[in-house]
Structures are given as structure tokens and as C-alpha cells.
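The structure appears below as C-alpha cells.
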There are 2 protein chains.
Amino acid sequence: MQAKNGAAVAGLAEALAARLGVDCVLTGDEMSTYCRDWHGDVTSGAVAVLRPRDTQGVADAVRACAELDLQIVPQGGNTGLVLGAVPDAPERQVVLSLERMKTVRNIDADDFSAVVEAGAILSEFKDKVEEQGMFFPLALGAQGSCRIGGNVSTNAGGINVLRYGMTRELVLGLEVVLPDGSIFDGISTLRKDNRGLDLKQLFIGAEGTLGIVTAVAVKLVPLPEKVSTALLGLNSLEDAITLYRRARRECCDLLSAFEFMPPIAFTLAKEAMPDLPEPIATDYPAYVLMEISGSGLVDIDALMEAFLEGVLGDGLVVDGAVATSTAQARNLWLVREGMNEGQAKRGPHLRTDVSVPLSRLADFVADAEAAVKAELPDCISVSYGHVGDGNVHLNVLPPAGADRAVIDRKIYEAKQVVNAVLDRYHGSISAEHGIGRLKRGDFTTRLSPVRHQMLKAIKQAIDPRHMMNPGCQLNFDTE
Amino acid sequence: MQAKNGAAVAGLAEALAARLGVDCVLTGDEMSTYCRDWHGDVTSGAVAVLRPRDTQGVADAVRACAELDLQIVPQGGNTGLVLGAVPDAPERQVVLSLERMKTVRNIDADDFSAVVEAGAILSEFKDKVEEQGMFFPLALGAQGSCRIGGNVSTNAGGINVLRYGMTRELVLGLEVVLPDGSIFDGISTLRKDNRGLDLKQLFIGAEGTLGIVTAVAVKLVPLPEKVSTALLGLNSLEDAITLYRRARRECCDLLSAFEFMPPIAFTLAKEAMPDLPEPIATDYPAYVLMEISGSGLVDIDALMEAFLEGVLGDGLVVDGAVATSTAQARNLWLVREGMNEGQAKRGPHLRTDVSVPLSRLADFVADAEAAVKAELPDCISVSYGHVGDGNVHLNVLPPAGADRAVIDRKIYEAKQVVNAVLDRYHGSISAEHGIGRLKRGDFTTRLSPVRHQMLKAIKQAIDPRHMMNPGCQLNFDTE
């Protein structure tokens, strides 16, 4: 396709408005927030932003785009971290936002299930579910802005994965508009259904490259009535992993979160939140934030107390603070949240999202941090994450006050250093964030020929015209 | 392809032996157990049975079959209930048995994971895992004979699904030989890995129609050290479902099994096991066998006691027996196992494996049993199953002593009656057994055009020559 001039692009936008109604189509400055990524690092443009009101409207939009030879970038809350929902060809792409499709179609507490449209904001959906005494366990930092369709399309993780699984494990059914405009009606709340291939699995984590998720049926669990949260100081990351294994056994399936942090977490959090409470000394080599929760007849507080008595007695945990109220629990989580804000305040830095087998986590972090120190001595590594999932965010902060060009180079070099160590551990360059456009190169270069061939064959089978989110995950036109 | 005479078929078997080694190829009478289904209802034949020793051997076998224009029916323990692993074109199909690939490649208790080859027998694998203090939660009647590759290919369910999920949720990685003989090396124990499409999902539940699973990486959980089992008498199935909801809340994520049975379960079990103990009166309208389990610091016995105190006090449960030893727990499960044997002893009958949303389970069973009674008054309905999953085995026993032709007709009619009610409830005709060849017709007639089109497109993408398990799930050559 040839580059188009402004008039040609405007003509396409008008054609879309004629077919779908002006109400459905945004152009010009109204598109800016839809064409910018969450961090504000990348700003792009589009022919138009389409905002259909219902599933049929999405199907109509897909057909209109096909007729006009336009490509579609589906978008939920646009909170992704890998540019999966940001267009990269402004003259031939539209953003299709699901933000108007927010209806909670059904919450059935007796069935432990709900059906919700793709544009519902995660936290709003969770609140509605909780009003009925139930709980939707997906929990992540962006939950006040991200939308459930995006969570499905990126197979979102978060802090409760070790107990409840990734989004994939919470999905019972999907409704998807396919690239030919037909509707895959896979909404079902059946827990068990072995009727042939489980086609919905294809769309979970596909980042919109095979179709547009318009509604989701999900599992619910009973709302945990009792939550016990503890912040613990330890002598090493290795001890933190030993502690996880022990918590997994001793607290059984009631362990719901287990995050580790380095001592610099407090420094960073304080830079963002000067009044941050310090419930324990801030100079232990490693910290764990753990949560056990449940409803019903199990005494959660007694369980936490018995567990901590054992691990403090053995010296595996050196110090600890247990929240005795929801407000105190909130305060303990502030360190984990504040450290992210603190990193952001220090300016651009390398954010990774890697995973290795749990049994190799401590070695990996030690090796990767040592490699960063050797190659980039003026940078600081900050490793934290979800121990139970083997998922580390090993971030690297460039020296304060450096030029942007220097910073960008350091970030690039740090990524190469971390990935080189990661490859030795057969780890994943994307544990939970996805590939999007940001990690496409690093993904593609690591792809085996067999896997590459399968990805192309599946794309060809479902989206032969490469209309859905081109440039995301793989560049099928050229790779 | 034209029908071949015996000499032509023998020539193909010789050609396979020449390529793969005589040791790998069975022919003649040696094939009989591989060409017969688990119940002994169907006997077929094949060009040969291939028994490769390793993954490369499977790949070589696939290439040899492609050269000779032969189709492949992959087979694990051949314990499936829907003829998914039984050939149906003896002159052009080979059975590829994974039975020699039994190696447990790795058990890593520190990583909560294991890697095992497809031919390992489920119970033998579970035993090896338990020696290391870990637990692989898949549990089903056939576990002494079924093989893990078959469990993956059929996405097996079983009695622990409500807590640990179907096989899909236990799989971390797969190694698969594809129809072109290439090897998809997806063995990985990463808990979180969002690098593009999760291709392994395609092969789980595919019943060997897209490739041959040769090895599996699975999740392990800590071995439950304490198990409490109770057999409870109730006034109705509706009460049993209310009890499930309450158990799910009050026992939290420690509930590991919840099976319901009708009173006829005792009659049937006694026909198979005359010495069956009767721990409670056998004339309540409904029974529940429930199990809670855990390791570590939670007092499982106290939890069961507190739970039962509440539900007996409220009258939701009328009577109950709690096992105080492993032997007693075994005895309680005997009813559940014996009722299956008792049904088998009564001769051919309708076995269904349906699911509906949990909130509609009691209504569905009442409606379906009433319909059977109205249409087939001389038949007996026996409904039991996994309440927490909405999965009922609603079986229908024809009158004793009827002619085989009458019995077959009654079985067919009963299936039509049950499926007609099921369709009104938007249920699944196959909750856990799969489609195979037995349910292909009922599956195909219920398939939406969009889903049908997608299945064909996926098949075309991965197995364009329709070489893998043709006739299973869909007949892609004609449908």
C-alpha cells in the first residue's frame, strides 16, 4: 500500500462514519489518548478510533474495515506495557476501542460464574462481583483502568496467580468477532466441556491478532472473608524461596500472594511516598510480602501465627510485621506499590518481566545482577516479583542525571545483558506482559523454526488477510 | 484410496518394518488388544501397530507413514470411552502406541514440576511423584492403565477437578511430533510464559488429531498429608448442590472431591461387591461423598467436624459417616467404584457424560430423568457425578433380560431423550470423555457454522493431509 496523504486518510474516516455512524468514529485530536502508550513513551496516530456499542457493532466495524482495506488495532484500557494496543501505521490502521461495551451481562453466585463484556473495567467488575459475596481473583496494578477484554487478550497475571492461575485459568467462555466479521459465540459457563478442540484458548494471550474479544465468561470463587498479610525480613532471596516452598506446604492452598522485594524497595517507595510507614527495619537483604486468605471455618489468623512461629523459630525469617487490620494490610502493600512509582520518578529505565523455573530463580537473579554490575557498573538492578510463579521484574536504573541518549543506550545494553543470562536459564522474556510491538524483535529472534511455522499457519488459518493487529507479536507480512 | 487386498496390506507392514525395524512393528494377532476398545464393544484392525522407543522414533514413524500414504491413530493406554484411539480403516491406518515411552525424565520437588513421557502409566507416575513428597492431582478410575499422553490428548477430568482443574490446567509444557514429522519442543516448566500464542493448548484435548504428544511437563502440588472423607445422606439432589456451595465456602480451597450418588448406587455396588460395607442407611434420596485434604498446619479433621456439625445441625445433611482411617476412606469410595462395576454387570447400557451450569444441575437431572421415565418406562436412570463441575453421568439401564436388538434400540432412544433435554439446558454432550468416533455424529450436528469453519481451518493449518487420527472428532474429508 502506498503512503496516503491527509485527504485520503480523512476520506477513509468519512467512509467509516458513513457506514458506522458518526457517533462511533473519533478523528483528529480526540484520538490522542488512544494512540499513545500507557507510559507516554510512544505517540502514534490512526485513520480513526472506532467505538462500537455492542457485539454486532464490532462485527460491522470489522466488515467496514475489510471493505476499506484498513487494519484494526483492538484496544481495551490501553494499560499494556508492550505496545500491543498502539497503532504503528497511522495511514492504514484504526484503533477499535471496546470501552463502550461495559455491561456485566450476568453474575450467578450459585454457579460461581459471571459473564461480562470486554470493555468492563476490571476493578468495577470485581466490585460488582463482591457485592454478591463472590470474588474474581485477577488482581494487578492497573485494575482501576484495564479492561477485562484486554486482560484476556494478554492473559494477564498479577499477584494472585500462584493460587488462582493466569487469566487463562479463569476463563470459561469467550465471544469473539473474527476477522471475517463473523461472531464466534463461545460464551458458556460450563466448567467441563471436552467437545473437540477448545478454540477459545487461541484468543487468550493472542493480543488481538486473531480476532476481537467482545465478552467473557469467567469463574468466580467465594469472597475470602479473612485475609492475613505479613511483611517479613530475610537474609537472602534464597531464603525467600525456601520460605515460599514451606508456605506452600504449611499454608496449603490458602496462600494467595507471595512477593519478594529487595531492601532498595523502601528507598524507592519513600521517594514516591515520603510518609510511607516502616513497619519493620528496612535493611534486611530480602523482604517477602505474603498473604493467606479464606472464607468459612479455617482460622486464617491462627494459621499465619502458627506458620510464622515456626519460620521465625528456625531463623528462616528474621523479622516480621503482621497486619491486624485491613488498613494495616494496605500499608504493607504500599511498599510494593510505592517502589514502582519510585522507579518511575527516577526516569526511564529497563523494565523486564522474565520468568525462570522456581528452582533456578535465586541463581538467575544473582547471575543477572552480577552481569549488570560487571557490564554497567553505574546502573542499579532492582529485582522483585512473584516468587511462586518464578516471575521476576529485574529492572535496571541508569545513573541519575545522565543524557537521554546515554540513558537509552544503557537501557538497551542492560536488556541485552539480562536476556543473555536469561537465555542460559531457558527463561521467558515475557512472563506476563506479552510481546506486543515492543518485544517483537527479541521474541522473533528466539523463535524456533517449528514454532515460527506453526504461528504463521495459525495466523493464515484465522486471519489470512493479516488484518488484525498487524505488527503485534510477529510481523506476518515480512517474517 | 481403493480397498486393498491382504497382500497389499502385508506389503505396507513390511515396508514399515524395513524403515523402522521389525522390533517396532506388530502385525497379525499381536495387534488385537490395540484394535479393540476398552469396553470390548468394538473390534477393528490396522495395517500395523507401531511402538517407537523415543521421540525421534515417533518422528521417523510419522515420516514413514507419510511416505506410504498411511494414516495414524495415536494410542496411549487405550482406556478411552469414545473410540478415539481405535482405528476405523484397517487397510490404511496404523496404530501408533506410546507404551514404550514411559520414562519419567525429571521430578523437581523444589520447582513443583515434573517432566514425563507420554507412555507413562498415570498411577505409576503418581507413585514416583509421591515418593518425593509431591502430588500429581489427576485422579480417575482408569489410572492403573491409562497413560499420561492420553490424559493430555483427551484433557482428562476425574474426581479432583473442582480443586485442581482438568488436565489442561496441570500442563506446563508439551513435546509433540507434528504431522510433517517435525518436533514441537514445548517442554518447559515455566509457570508464566506469555510469549505469543500458547500453541501447546491446541494439542490438549485434540485427541491426537493434530499431532502426537510424546512428553509432558506438569505442575505438582505438595502431597496432602491429611485427608478427611465423609459419606453423607441427604433428602435430595438439590440439597446436595446447596451443600456443595456451602462446602466450597466453609472449607475453602481445601475441598478436593464432591461426588453425588443416588440410592440405587448401593444396590448396584452390592451386585458387584456382595461384601460391600454399609456405613450408613442406604435409603436416603441422595448421597454425597466428600473429601477435604491438605498438608501442613491446617487441622483437616477439625475442619470436617466443624463443617458437618453445622450442616447436620441445619438438617441439610441427614446422616453421615466420616472415615477415621485410610482403610475406612477406601471403603467409602467403594460404593462409588462398585456402582460402575454393578452397571457393567447388568450389561450394555447408555453411558452419558454431560455437563450443565451448576445452578441448573438439579433441574436438568430431574427433567432428564422424568423424560426417560415417560418415554422409556421400563428403563432405569442412574445419575451420579462430579457436582462441583456440573458434570453428571446420567446413565440409563435397559430392562434386564431383553434381546440385544431391543437393548441397542433402547440405548439409542435414551440417548436421544437425554440429549434433547440437555440441548434445552445448553449443556455439553461430552464433559470429560471427549468426542472420538463414538460421539462424532452428535457433535457434528450441534456444531455452529463458525465453529465448524474454524475447526476445519485449524486442521488444514496443522495437518493438511488429514493424516492424524482421521475420523476422530470430525471427518474432515467429508464434513
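By convention in this document, chain letters (A, B, ...) are assigned in the order of the sequence lines, proteins followed by strands, and residues within each chain are numbered from 1.
- Paired with Lys192(A) under the rule side chain to side chain donor-acceptor pair (under 3.5 Å), one option of Asp353(B), Asn155(B), Asp389(B) passes, and it is Asp389(B).
- Here CG of Leu202(A) is found 8.5 Å from CG of Leu199(B). Values are rounded to the nearest 0.5 Å.
- For Arg168(B), the part sitting under 4.5 Å from any heavy atom of chain A is the side chain, from C-beta outward, and nothing else.
- Under the 3.5 Å distance criterion, with hydrogens and angles disregarded, a donor-acceptor pair is assigned to the side chains of Asp108(A) and Ser359(B).
- Residue Phe307(A) touches chain B through both its backbone and its side chain, counting heavy-atom pairs closer than 4.5 Å.
- Side-chain atoms of Ser430(B) and Arg195(A) form no donor-acceptor pair, as typed in the model, at a separation below 3.5 Å.
- With a 4.5 angstrom heavy-atom cutoff, Ile462(A) touches chain B only via side-chain atoms.
- Val298(B) has its side chain within reach of Leu303(A): a pair of non-hydrogen atoms, C-beta onward, lies under 4.5 Å apart.
- Although no hydrogens or angles enter the test, the distance criterion places no donor-acceptor pair under 3.5 Å between the side chain of Thr189(B) and the main chain of Pro357(A).
- Rounded to the nearest 0.5 Å, atoms CD (Glu207(A)) and CG (Asn194(B)) are 7.5 Å apart.
- Residue Val354(A): no heavy atom, backbone or side chain, is found under 4.5 Å from chain B.
- Residue-level contacts of residues 178-186 of chain A with chain B, in order of numbering, are Leu178(A), Ser182(A), Ile183(A), Phe184(A), Asp185(A), Gly186(A); threshold 4.5 Å between heavy atoms.
- Across Glu225(B), Arg360(B), Glu432(B), the residue that shares the most heavy-atom pairs under 4.5 angstrom with chain A is Glu432(B).
- No part of Ser448(A) comes within reach of chain B, as not one of its non-hydrogen atoms sits under 4.5 angstrom from that chain.
- Ala461(B) approaches Ala457(A) most closely through the heavy-atom pair CB-O, 3.5 Å.
- Taking CD of Gln473(A) as the reference point, atom CG of Leu197(B) lies at 5.5 Å (rounded to 0.5 Å).
- Put simply, CG on Asp253(B) and OG on Ser256(A) are 9.0 Å apart, with the number rounded to the nearest 0.5 Å.
- Side-chain atoms of Leu254(A) and Leu254(B), non-hydrogen and from C-beta on, do get closer than 4.5 Å to each other.
- If you measure heavy-atom distances from Ser113(A) to chain B, you find no contacts under 4.5 Å at all.
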> After noting the C-alpha distance and the side-chain angles of Arg249(B) and Met134(A), does the key distance pass the side-chain contact (heavy atoms from CB on, under 4.5 Å) rule?
Replying inline: CA-CA 10 Å; Arg249(B) 281 183 192 274; Met134(A) 303 301 286; 3.0 Å; yes

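- Annotation: maximal heavy-atom pairing with chain B below 4.5 Å, among Gly434(A), Cys472(A), Cys251(A), Gly205(A), occurs at Gly434(A).
- Heavy atoms of other residues, nucleotides or ligands lying less than 6.0 angstrom from CD of Glu309(B) number 12 at most.
- The residues Lys219(A) and Glu169(B) are annotated as salt-bridged, a charged nitrogen and a carboxylate oxygen being separated by less than 4.0 angstrom.
- Here Leu162(A) contributes atom CG and Phe112(B) contributes atom CZ; the two are 10.0 Å apart, rounded to the nearest 0.5 Å.
- Heavy atoms of Thr242(B) lying under 4.5 Å from chain A are absent altogether.
- When each of Arg191(A), Arg246(A), Arg245(A) is scored by its heavy-atom pairs under 4.5 Å with chain B, the top score falls to Arg245(A).
- Only the side chain of Arg163(A) comes within contact range of chain B, with heavy atoms under 4.5 Å apart.
- Note that SG of Cys252(B) and CD1 of Ile300(A) are 6.0 Å apart. Values are rounded to the nearest 0.5 Å.
- In this structure, the side chains of Ile204(A) and Gln201(B) stay at 4.5 Å or more apart for every pair of heavy atoms.
- Leu190(A) and His426(B) make their closest contact through CD1-O, 4.1 Å (heavy atoms, listed as atom of the first residue, atom of the second, distance).
- For chain B, the nearby part of Tyr164(A) is the side chain; its heavy atoms alone come within less than 4.5 Å.
- Interface remark: of the candidates Leu447(B), Ile435(B), Thr154(B), Ile435(B) forms the most heavy-atom pairs closer than 4.5 Å to chain A.
- Taking all atoms of both residues into account, the shortest heavy-atom contact from Asp193(A) to Ser428(B) is OD1-OG, 2.6 Å.
- For Arg440(B), no part sits under 4.5 Å from any heavy atom of chain A, backbone or side chain.
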